[in-house]
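Below is one structure; the comments refer to it alone.
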Amino acid sequence: MLTALTTMAFMCLLPSVLNAQDAKPQPKVGLVLSGGGAKGFAHIGVLQVLEEAGLRVDYIAGTSMGAIIGALYSIGYTPGQIKEIVMDQNWLDLFDDQVMRRFLPMVGKDHANRFTAIFPIKQGKVGMPSGLITGQKLQTLLARLTWPVHQVRDFRNLPIPFRCLATNLENGQRVVLNQGVVSEALRASMSIPTVFVPMEIDGALLVDGGLVDNLPVAEVLKMGADIVVGVDVSATLRTKEQLNSLIEVLDQTINFQTYAWVQEQRKLCQLLLVPDLSGYTPADFNRVESLIEKGEQAAREALPELKKLMDSMGLEKITQPRPNLAPPESIFIYNIEIDGLSRVSRKSVISELGLKSNSWISLQNLNQAIDKVYSTQFFEKVSYLLEPGQGGNCLKVKVVEKDHQVLGLGFRYDSNTNAEILVGLNFKNLIGHSSLLAINLRLGDSPELKLSEFIHPGLGPGLGERISLGIVKYPVFLYQDGQRWASFNYTVGSGDIFLGTIYSKSLELGGGIRMEYFERTPDIAPSGIPEISGRHLTVTVSLNIDTYNRSEFPTRGHKISVSHIMANREMAGRADFFKKLGQWQGCFPLNKIFSFSGNLFWGNVSGQDIPAHYRFYLGGLDQRQGVISMAGLKPMELTGNNVMGLGIGAQYEAFSNRFIYGSWNIGKAGDVYWKDQINRQNLISGIAIGFGVLSPVGPIKIELMSGNRHAFLANLRLGYNF
């Protein structure tokens, strides 16, 4: 009886078993996206059309920019979301590792942009960097975009299985990246040699995969694809007429092997899309929208061929669009780990992060925290990873400490002070954890040797210590009836200690003591004027605020400086004086190319035996050695124990990094108290108009001035101030 029932049950199930055997499995579709720099944005237009056609993608492989676009699609971003991401991103900014000035610590703002060229020093030898940039901004962007899949270590477990290609820099072998950290794999795949520093993964130095496999069709076939759709935006070989320069010839020879491999991979595609990108280059990051349109156009032209392929292979058309990927606005962090520290203290990193365990954090605040750590300039790279755990996420911050010292060379020219050269050496963590020793030698009319040690103990927000030793020689001019009649050389040797918020991003509040020895010797002066020397100890309390967006040609932000210096005979020396100074400068943008500016200053020195170099000096447009700039005057033309003034200005960016600017100011300097100075006869006014260019080697400025002291003055300046 049991046997009969079993037989009857099997006979009833037999038709469904036979139908299951007769049903063919759905063919798997692989999508391959090539590298090509900015031309890779055309992939987005292709993805838009593929989704409209209802093509389901089962596997994705890509190289360089194709890897980035492919990974975003694999993670779950829609073509519309990817388009929005690339349209909102300043891609050219990713090719600049310079920290935005507003993120620099106060101690770094004055030292930024001082050098024309910077060279690493490794094992006592001056070398060249392995890449122009470390790719910090690119890595941070990729970490942010891949936030939803930080926990994934096997790329087969992504919503669409994915892999990308890189090149081993040591042996030239192709490296398939299909596991690890998604953002790091993408960073390696597009590490353009000589532009980006190579990415190290599992002990191997990796660069752009396009060098060995720019269209990795074989990879999606290995993953299991039955049908391959390839999109190739890579460069074609130049014709004889196009080979007109050394660079073009060299690039052609490099592309031979890559081009031959791509042609073989093209043959493996059932559908190959090659957008017409003639007239575009891999560097056209400012033509995002038109590149996307080119990709869309190529895909629409291929729609009949695509639909024919889908019908012949029995591919089911997807009717429901992919749901938008919506990463969480904030996450809960239960623990913070710092990996990679050896010479920088954990306290200083935690202090700069400003994050706490067992708290919620937004994506924006997390990225800003990473930027703050990188802006300390103790690290080559700073990245992060979120690992889910019980009750939240563990934030793992990975740092790569700067393992070399730096030699910097700077140059500047001013028609008033002639040419000067700056040689600088920076030593990280030479004396202690989280420290910087800076040695700067300036050669020219105002030679200076200065040693400064900056220490970040991590005791509080931005709190740090600065210890300096230096000797400087500079001239002081004296005028009579608008003509220079004498000049003196001051040689000042000093040592000081300052404690304050020097690592804060915008505010420096603190105080210090300074021991100083000085000598004054006549340079061009009537005979009989004696040499003067002395020493004194001063105590300083100061407040500085700096939110300028850039050091030269700023368009927004403020600078505020308030200081009080006191010297007393009972402490040291023979001087007994107080010096107070307050200054404000501000820039207000009207739009992207036009801005207004303003400034105010007031100062007073009072006491006995005041050293002459502690008096105030006004004149010229170059603020150096305590001189307050003022249009319409020669350098240091006005001097006195009391100063006051104000000014307004405007700046217009006529073309990219090319400026026209003007200013008007009025002020006074003298030994009479300021309340007795406010009358029309005593006030000096001036106007200036300037033309400037922000070049790769620094600003270039031509300035013309006039005022009630001088009918016409002109000045030429090249290079950054130092």
Side-chain angles (χ1 to χ4, degrees), residues 29-36 38-91 94 137-164 177-178 180-187 189-190 220 223 229 231 233 273 285 288-289 291-293 295-296 299 318-331 362-364 366-367 384-386:
V29 177
L31 176 65
V32 183
L33 305 178
S34 79
K39 295 194 292 183
F41 294 138
H43 295 316
I44 302 171
V46 172
L47 289 175
Q48 288 176 327
V49 177
L50 294 183
E51 280 215 342
E52 292 175 12
L55 180 69
R56 185 193 69 249
V57 175
D58 299 290
Y59 308 108
I60 299 177
T63 298
S64 196
M65 184 60 79
I68 292 179
I69 303 300
L72 295 180
Y73 191 67
S74 169
I75 289 170
Y77 289 96
T78 66
Q81 287 177 310
I82 300 174
K83 179 179 179 180
E84 185 178 351
I85 289 170
V86 301
M87 291 288 289
D88 291 342
Q89 179 61 45
N90 184 350
W91 288 92
L94 296 179
K137 292 181 181 179
L138 176 61
Q139 183 65 50
T140 301
L141 173 66
L142 295 175
R144 174 170 64 85
L145 295 177
T146 59
W147 196 1
V149 293
H150 272 213
Q151 76 281 6
V152 175
R153 293 295 177 271
D154 189 336
F155 300 169
R156 292 176 298 180
N157 296 328
L158 293 172
I160 300 177
F162 169 80
R163 61 180 56 178
C164 61
L177 299 169
N178 54 15
V181 180
V182 177
S183 61
E184 293 181 355
L186 299 179
R187 165 67 176 81
S189 185
M190 72 163 300
V220 293
M223 295 169 78
V229 177
V231 187
V233 297
L273 302 177
F285 288 95
V288 176
E289 192 166 10
L291 284 164
I292 294 175
E293 291 174 355
E296 182 180 352
I318 299 176
T319 57
Q320 295 293 330
R322 303 178 80 197
N324 285 348
L325 179 66
E329 293 184 0
S330 61
I331 56 173
S362 69
L363 176 61
Q364 181 180 1
L366 176 55
N367 286 326
Y384 70 91
L385 195 63
L386 297 167

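Please read these numbers as outputs of a predicted model, since none were measured by experiment.
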Can you confirm whether more than 12 heavy atoms, excluding those of Q89, are under 6.0 Å from its CD atom?
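Counting neighbours around CD of Q89, more than 12 heavy atoms of other residues, nucleotides or ligands fall under 6.0 Å, so yes.
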Just by modelled atom types, is the P161 backbone N or O under 3.5 Å from a matching donor or acceptor in the S74 side chain?
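A pair under 3.5 Å: no.
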Between the side chain of T78 and the main-chain N/O of Q81, is any donor-acceptor distance below 3.5 Å?
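A pair under 3.5 Å: yes.
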Do R187 and L138 have side-chain heavy atoms sitting under 4.5 Å apart?
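Answer yes - side chains close enough.
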Hey, are the side chains of I292 and V86 touching, using non-hydrogen atoms and a 4.5 Å cut-off?
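In contact.
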Who pairs with Y59 by ring-ring contact (aromatic ring centres under 6.0 Å, His included), at least two apart in sequence or on another chain?
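Residues passing ring-ring contact (aromatic ring centres under 6.0 Å, His included) with Y59: none at all.
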For side-chain contact (heavy atoms from CB on, under 4.5 Å), just list the numbers for W147 and N367, CA-CA rounded to whole Å, side-chain angles, deciding distance to a tenth of an Å, and then say yes or no.
CA-CA 11 Å; W147 196 1; N367 286 326; over 6 Å; no
Calculate, to the nearest 0.5 Å, the distance between atoms CD1 and CG belonging to I68 and L33 respectively.
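Nearest 0.5 Å value for the CD1-CG distance: 11.5 Å.
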With rounding to the nearest 0.5 angstrom, report the CD to NZ distance, E289 to K83.
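Those atoms lie 5.5 Å apart.
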According to the interplanar angle, ranging from 0 to 90°, do the rings of W91 and F285 count as parallel (below 30°), tilted (30 to 60°) or perpendicular (above 60°)?
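Plane angle under 30°, so parallel.
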In sequence, state the C-alpha distance, the side-chain angles, and the governing distance for F41 and E293, and then conclude on side-chain contact (heavy atoms from CB on, under 4.5 Å).
CA-CA 9 Å; F41 294 138; E293 291 174 355; over 6 Å; no
In sequence, state the C-alpha distance, the side-chain angles, and the governing distance for L31 and L47, and then conclude on side-chain contact (heavy atoms from CB on, under 4.5 Å).
CA-CA 10 Å; L31 176 65; L47 289 175; 3.5 Å; yes
